[in-house]
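Okay, structure first, notes after.
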Amino acid sequence: MTRRRGAIPPSAPTRWERVWAVVRRIPRGRVATYGQVAKLAGLPGQARFVGYALAALPDGSGVAWQRVVNASGRVSARRDGGNAEALQAAMLRREGVRFGADGAIALERFRWRPRGGRR
DNA sequence: ATGCTGACTATGT
DNA sequence: TACATAGCCAGCA
């Protein structure tokens, strides 16, 4: 107990961990936008960090990262140019999320709406 | 310790 | 309508 008053706790959750916690709450068959997740994680206006946090997710984390799409309702392109993009779309379709003819999801229809007044 | 990089979005010209 | 800019975390060399 040498920890002094006001000291930072041993494992203070990082902002990224908070982002992951929010993403875990997105139900199957629904999607949320980066900005939406950022706000729910207590990082309003920091949509970009959500993208970073997801990119940093370790494999097998159990976090449904595929349920996070950009404000246009589309799967964001990875700079890496891997197959993650196609995989994400495939996973979403498998959950029942449908893409329009232009490849975009109708957010007004599939967007996750958490209860409790927050959005 | 510094600097670069990476899954975004709102706003202004 | 299209393009540029600001905002600002965490891991790694």
Side-chain angles (χ1 to χ4, degrees):
Chain A
M1 316 312 225
T2 57
R3 208 162 299 297
R4 319 237 236 101
R5 175 184 59 68
I8 295 175
S11 305
T14 65
R15 289 172 172 74
W16 286 15
E17 288 172 328
R18 278 192 270 170
V19 167
W20 299 335
V22 171
V23 176
R24 275 181 180 286
R25 293 169 48 197
I26 305 173
R28 189 171 172 289
R30 286 288 193 224
V31 298
T33 65
Y34 291 93
Q36 184 182 357
V37 172
K39 186 174 181 180
L40 292 171
L43 303 169
Q46 310 286 16
R48 196 177 194 181
F49 292 151
V50 174
Y52 297 159
L54 295 185
L57 263 177
D59 275 348
S61 61
V63 177
W65 53 269
Q66 76 271 22
R67 295 178 190 149
V68 183
V69 299
N70 63 34
S72 302
R74 289 179 54 83
V75 171
S76 286
R78 274 63 164 168
R79 282 197 60 131
D80 205 318
N83 62 328
E85 249 174 277
L87 175 64
Q88 179 174 6
M91 291 175 88
L92 287 176
R93 292 182 68 97
R94 184 165 139 274
E95 295 185 357
V97 176
R98 315 245 223 128
F99 289 75
D102 59 353
I105 296 168
L107 293 178
E108 65 278 3
R109 181 176 164 187
F110 293 103
R111 181 174 172 167
W112 169 47
R113 289 170 197 156
R115 288 162 195 184
R118 283 180 277 175
R119 25 176 141 178

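Since the structure is predicted, the reported quantities are computational estimates derived from the model, not experimental observations. Just so it is clear: chains get the letters A, B, ... in the order the sequence lines come, proteins before strands, and each one is counted from 1.
- For A/Glu85, there are no salt bridge (Lys or Arg N to Asp or Glu O under 4.0 Å) partners two or more places apart in sequence or in a different chain.
- In this structure, A/Phe49 CZ and A/Arg18 CZ are separated by 12.0 Å, a value rounded to the nearest 0.5 Å.
- Using a 4.0 Å heavy-atom criterion, one finds that A/Ala38 contacts no nucleic acid atom at all.
- Every residue meeting the side-chain contact (heavy atoms from CB on, under 4.5 Å) condition with A/Arg28, not counting sequence neighbours, appears here in chain and number order: A/Arg67, A/Glu95.
- For the side-chain hydrogen bond (donor to acceptor under 3.5 Å, both in side chains) condition, no pair includes a residue of residues 97-108 of chain A, sequence neighbours left out.
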Open item on the list: I need a per-nucleotide contact map over nucleotides 7-13 of chain C, read 5' to 3'. Cutoff is protein heavy atoms under 4.0 Å; write B for the base, S for backbone only, - otherwise.
Closed with: BSBS---

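- For A/Tyr34 and B/dA10, the OH to C1' distance is 17 Å, given to the nearest whole Å.
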- [ ] Applying side-chain hydrogen bond (donor to acceptor under 3.5 Å, both in side chains), run through A/Gln36 and A/Arg111 and close with a yes or a no.
- [x] CA-CA 10 Å; A/Gln36 184 182 357; A/Arg111 181 174 172 167; 3.2 Å; yes

Task: Intra- and interstrand pairs of DNA chain B - dot-bracket, Watson-Crick/G-U under 3.5 Å, | marks other strand - done: .|||||.||||||

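- The side-chain contact (heavy atoms from CB on, under 4.5 Å) check on A/Leu57 picks up A/Trp20, A/Leu54, A/Ser61, A/Val63, A/Trp65, with sequence neighbours excluded.
- The closest donor-acceptor contact from the side chain of A/Gln88 to the backbone of A/Val68 lies under 3.5 Å.
- Residues A/Leu107 and A/Ala71 share a closest heavy-atom pair of CD1-O, 3.5 Å.
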